[in-house]
Amino acid sequence: MRGRVVIAGIGHTAFGRLPGRSPTSLNVEAVRAALEDAGIGKDAVDGLFVKFPTSTFEFMYGQTVAEALGIQPRIGGVWDQGGAANIAMIGFAAMAIEHGQCEVAVVTFADNPKSGTRQAYEKAWGHDEVYGWFGVAPGYAMIARRHMGQYGTTSDQLGAIAVACRGHGAANPQAQLRQRLTLDQYRAARMIASPLRRDDCCLVSDGGAAVVLMSAARARALGVARPVPILGFGQGQTSWEVAQRPDLTTTAAAISAQTAFAMAGIAPSQVSVAQIYDCFTITVLMTLEDYGFCRKGEGGRFVEGGRIAFGGELPVNTSGGLLSETGMPGLQLVVEGVRQMRGTANLQVPNARFCAVSNQGGVMHTHATLILGQE
Amino acid sequence: MNADQAPFPLPLPDAVSAPYWQALSQGRLTFQRCARCGGAWLPPRPECPHCLSADWAWEDAGGRAKLISWVVYHVAYHPAFADRLPYNVAVVELAEGPRLISSIVGIDDAETLRIDQALTLAIGQEHGVAVARFRPD
Ligand SMILES: [Zn+2]
């Protein structure tokens, strides 16, 4: 089904602190923008796939969003894989379209952890509270430390990822954090959970994003202005908590990328721009390895020397990523991937034919990959 | 809420994990071993995650282990740990195979630890509850 389903529309809200806005209201705004971008009305939508907000859990939240949108979808609901859910839902929606379960699908996510509650981000891990094992950043720090020990990865190499993403975000008028970062500033920032410093950690953000999917044939018939074909997608998962994971430094990104690249029929070397989920810098480094942009253990050297900055060999997170544009988990990376394939990105990579986008959730528990191309 | 007011997050043993905590209080670190496939695991669970058998028994760990990884907290995610910063949390692998969350004692600076470093069990006390800590050999 390579290329037979397209992303026909993209939309998002402002990013940052948005007090007084509920996740449902932000979902509606993002979907409204995505439908306008696609040039279609809401009544065409018969599939609605929603990632539930992590700040507040609500049963049947997909129906809540559908009611707010005033639509009666044939298929959809809420999907939970943490941050991998957005691309996972794009894959499910594409398959639903391909198999006649719906014709026009919306994938949407919104949340307000910055102005609302952040409780979901601060839960204890398992039964190990007695040792002080709390928080999301320390889970990633545990993996980062092992990577450093196994492969000699350095703090400065993690810093190079933060510097690149922050540079891209500084150039993005819509980014939540428009502040360049130097490696010296990175080194001087306080430790959160060693070896991870403040600038290794993504933002906390209110906001929403949405995409509209339909068949390429339908997009042609409707005269959609700038459809971007979905060439491949894939997923990968591990069930093991960090402490139980047999190998801390290889992730489900590897199998996810194999599936997606095989479906797209391209190799990582053909990809010239990537949006790589950067909840923490170490996630980018290991995803680049697991995707095959470099070999396992060489991610640290790969990100050095400006290779992943705009103008480098493989610009990553060209709108700033979770470290700079918005900490929202993942759909904005798809939106930026679509802009790159349309040729309308703020930092447009010239002659980019393919864009790889990654989403991941938990502490590298779940992963989903999307390969976008051009019409 | 400050550290004095926050209740310390002690384990809440259930039917499956109570023997684990009781053994620790008697100076023994235990894990589960499957009678059907021989698999060994922690944390306590009612079925073998390898073959799904519910036929298993507790076994004493010898106390030899190695350091898989560790972090040093510079931010307290729970107020009960605010006055301990910086403190370390480690993933430790027992010689028998099971892995567990723990902390490393008997060191001045956790940044000088090394992955795969050899460790020995050093059961400690936390608010009257025995916990499995480790020290470098
Ligand atoms: Zn078994």
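All values below were derived from every heavy atom in this structure, side-chain atoms included, with hydrogens, water molecules and symmetry-related copies excluded. Every chain is numbered from 1, with letters handed out A, B, ... down the list of sequences.
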Between A/R146 and B/D116, does any side-chain N to carboxylate O distance fall below 4.0 Å?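 Judged by the 4.0 Å cut-off on N to carboxylate O distance, A/R146 and B/D116 do form a salt bridge.
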With a 4.5 angstrom heavy-atom cut-off, could you sort out which part of B/A132 is near chain A: side chain, backbone, both or neither?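 Both backbone and side chain.
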Report which part of B/P49 has an atom under 4.5 Å of a heavy atom belonging to chain A: side chain, backbone, both, or neither.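 Side chain of B/P49 only, per the 4.5 Å heavy-atom cut-off to chain A.
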Given heavy-atom pairs under 4.5 angstrom as the criterion, report whether the side chain, backbone, both or neither of A/L248 touches chain B.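 Side chain of A/L248 only, per the 4.5 Å heavy-atom cut-off to chain B.
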Using heavy-atom distances under 4.5 Å, tell me whether A/R190 contacts chain B through its side chain, its backbone, both, or neither.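 The answer is the side chain of A/R190.
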Backbone of [Y] reached by a side-chain donor or acceptor of [X] within 3.5 Å:
| X | Y | result |
| --- | --- | --- |
| B/R36 | B/D55 | no |
| A/D80 | A/G82 | yes |
| B/R99 | B/L42 | no |

Taking non-hydrogen atoms and a cut-off under 4.5 angstrom, which of residues 277-292 of chain A neighbour chain B?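 Not one residue of residues 277-292 of chain A has a heavy atom under 4.5 Å from chain B.
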Indicate yes or no: at least one non-hydrogen side-chain atom of A/M328 is less than 4.5 angstrom from one of A/D111.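 Answer no - side chains too far apart.
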Less than 4.5 Å apart, side chain to side chain, heavy atoms only: is that true for B/L119 and B/I104?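 Yes, side chains in contact.
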Salt bridge (charged side-chain N to carboxylate O under 4.0 Å, His left out) partners for A/E298, two or more places apart: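 Here the qualifying residues are A/R295.
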